[in-house]
J.: 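After the C-alpha cells below, expect a handful of questions from me.
Chain A is the first sequence line, chain B the second, and so forth, proteins listed ahead of strands; every chain is numbered from 1. The structure displayed is predicted, hence computed values, not measured ones.
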2 protein chains.
Amino acid sequence: MPKPVVPEAQRRRRRPTRSGTVLSEELIVETALRMLREHGSTGLTARRLGLALDADPSTLYRYFRGMDDLTLAIGDALIGQALEGWAPTGQWRHDLREVGLRIHAAYVSHPQAAVLTASRVTGRANELAADEAVLDILRGAGFPLRDTVRIYHAFIDQTLAFAALDAASLALPSAALDADEDKWHSTYARLPADRYPRIAEAARLLTARMVTSAYPTALDMLLDSVDRQRPRRAAVSPERF
Amino acid sequence: MPKPVVPEAQRRRRRPTRSGTVLSEELIVETALRMLREHGSTGLTARRLGLALDADPSTLYRYFRGMDDLTLAIGDALIGQALEGWAPTGQWRHDLREVGLRIHAAYVSHPQAAVLTASRVTGRANELAADEAVLDILRGAGFPLRDTVRIYHAFIDQTLAFAALDAASLALPSAALDADEDKWHSTYARLPADRYPRIAEAARLLTARMVTSAYPTALDMLLDSVDRQRPRRAAVSPERF
DNA sequence: CGCATAAGGTCAATGGCGTTGGCATAAGGA
DNA sequence: TCCTTATGCCAACGCCATTGACCTTATGCG
C-alpha cells in the first residue's frame, strides 16, 4: 500500500521544506506548469520538480498519487483557467462559442501541458464545472436531452481534439532538439516537382498556413449546424414574410 | 557522432541475429505495432522490442536513429496502411470522404500506436503520398491554389485531430492499470444531482454516447461547406431551370 | 503550557529506461 | 579466398518513477 494522499482541503500541518518554502497542491501545479513551459512536454520529471521546489522528489507523493495524478491536476487547472471569470449571457450560441474558444485558447497557451492532458478525462472539479456549463447552455436553449448530449459530444470532442493537435505542433518547436521543428521547410519545401507536383506548387502557401489553427472555422461550422437543428417557436420567423 | 543509419534500400548484408531471425525495417515496425497493441501505448521500449525480436536493444540503432525515429516510421506505416489499395475515382467529394475515413480508421484500428504518432509530421514516403493525393483531389476538382491549401489544412487537421482524440480514449482501456477506464461510470454517473443537475440528468445518455466517434458527422459538415464554395462552371446548373 | 501523535519532509535503494562506444563476426564483393 | 565493413552484441552511463524506513516538527489535547 502506497502512502495515502491527504486531500488539499484537509491539510492542517504545513511544514516548510528544508529551505523554507511551504508546499501546496496549487504551488506544485503552478511550478509544474512553469517547468513544462521551460523544458518542454517531456521536461516535467519528479526529480526536476523537486529541485525547482527545493524539496525531495518523494515529497510530491504526499500530494499526488503519482506523476499521472499530477498530470490530471495540471489539466484541470487549465480548464479552470479557461473559464475563470466567465459567466453565461443567456445567448446560447454566443456562450457556446465563447466556452469553446476559451478552452482552446487555454490549452494552446500552455502547449507543453496541453499535450499531456488534452485527451485525458480528469473527473476533477473544473472539468465537471465546464461540462455542467455546456450542458446547461444547451438545455437552457431548449434542446431536448438527446440532442443536448449529441451536440455536447461533438462540441467538446472537436474543441479538445483541435486543442490537442494545435498544442502538439506548438509544443514541438520549444523542445528545439525535436527535429520536427522545421520539417515543413527542410522536407516539404524541397520536394522534387516531378514526383510531388501538387505539394511543390503549394509549398509556399502550405508553410504559411499550416502554422495557424483551423479550430475557429470548424467551431462556427458546428454552431451553424446546431442552429439549423434548434427547436423553433411555433410562430414562423418574421424574415420569411 | 552516433552510428550512421543505413537506409533500408541500401542494405546489402543481412546478417541474422544470434537466434537466427533476420531483421529489417519492416519487421521491426510490425513487431513494434504488435507490442503496442499488446502492452499499451507506453509499452513500447527498446529493451522489450529487442526481446521480442531476439536481438540486442542497441541493434535497433542500426535501423533507426532512436525511438523517436522509430515512432515516426510507425506513424508512416499507419498512413500507408490507410491508403493501401485506394485509388481515386475522380469524384472529388467521394474521394475526399474516403481518404478521411480511411486515415481515421487506420489510426483508430491501432489506437496505442496512433496516440504516439497522430500529431507528428513524419515527412516520410507514405505521408507525402497522402498529402499529394489530397491536394490532387482538390486541384482536380478545379479549386484554385489558395482555396485548395485552405481546405486541405482544415481537412487534414480535422482528420488527424479526431483520430488522435478517438485513439487516445480507445488506447486507455487496454492499459487496464490506467484508472481513466471507467471514470465515466465511477465519477460522472454518480455525481450528486443537486450540484451537477445537468450532468446527472444526462449521465445515462452520456456514458452511452461518449464511446462513439463524432468524426463522420464533422467530416460531412466540412464536405458540405466545401461543396458550397466549389467553383461552378460558367453555365448555371440544370436544376435551377 | 507542555507533551503525544502523526503529518509531512528526507534518505537510500530498486528496477526500469534510452542511448553510446567498443568489440566481434560474418556477408559479400574482389 | 581474402578483406572490408556492415551489422549484431556487450557493458556501462546517467536518467527516470516509485517505495519503505526514518526523522522532525506542527498541531491539538489534556
J.: Expressed as a whole number of angstroms, how long is the span from B:His39:NE2 to C:dG16:P?
T.: 13 Å

J.: What is the distance, to the nearest angstrom, from the CG atom on B:Leu60 to the P atom on C:dT20?
T.: 13 Å

J.: Can you measure A:Asp56 atom CG to D:dT19 atom P for me and round it to whole angstrom units?
T.: 14 Å

J.: Could you check how far CG of B:Leu23 sits from C1' of D:dA6, rounded to whole Å?
T.: 13 Å

J.: Answer with yes or no whether the side chains of B:His39 and B:Gln112 bring together a donor and an acceptor at under 3.5 Å.
T.: no

J.: Has the side chain of A:Thr45 got a donor or acceptor that lies under 3.5 Å from a partner of the other kind on the base of D:dC15?
T.: no

J.: Expressed as a whole number of angstroms, how long is the span from B:Leu49:CG to C:dT19:P?
T.: 12 Å

J.: Rounded to the nearest Å, what distance is computed from the CZ atom of residue B:Arg48 to the C1' atom of nucleotide C:dG15?
T.: 13 Å

J.: In plain terms, say whether A:Arg124 and A:Asp69 are close enough for a salt bridge, that is, a side-chain N and a carboxylate O under 4.0 Å apart.
T.: yes

J.: Side chain of B:Ser58 only, please: which of D:dG8, C:dC17, C:dG21 is the nearest?
T.: C:dG21

J.: Nearest-Å distance, CZ (A:Phe64) to C1' (D:dT19)?
T.: 19 Å

J.: Is any side-chain N or O of A:Tyr63 closer than 4.0 Å to OP1 or OP2 of C:dG9?
T.: yes

J.: Ignoring the backbone of A:Ala46, work out which of C:dC11, C:dC23, D:dT18 is nearest its side chain.
T.: D:dT18

J.: Mind calculating the distance between CD (A:Glu25) and C1' (C:dG8) to the nearest angstrom?
T.: 15 Å

J.: For the residue pair A:His104 and A:Tyr215, does the interplanar ring angle fall in the parallel (under 30°), tilted (30 to 60°) or perpendicular (over 60°) class?
T.: parallel

J.: Look at the side chain of A:Tyr61 and decide which nucleotide, out of C:dG8, D:dA17, D:dC9, has an atom nearest to it.
T.: D:dA17

J.: Taking B:Thr21 for the side chain and B:Leu53 for the main chain, is one N or O donor matched with an acceptor at less than 3.5 Å?
T.: yes

J.: Confirm from the modelled atom types if B:Arg47 and C:dG16 form a donor-acceptor pair under 3.5 Å, side chain to base only.
T.: no

J.: Look at A:Thr59 and C:dT10 and indicate whether a side-chain polar atom (N or O) is within less than 4.0 Å of OP1 or OP2.
T.: yes

J.: With a 4.0 Å cut-off, would you call B:Arg120 and B:Asp68 a salt bridge?
T.: yes

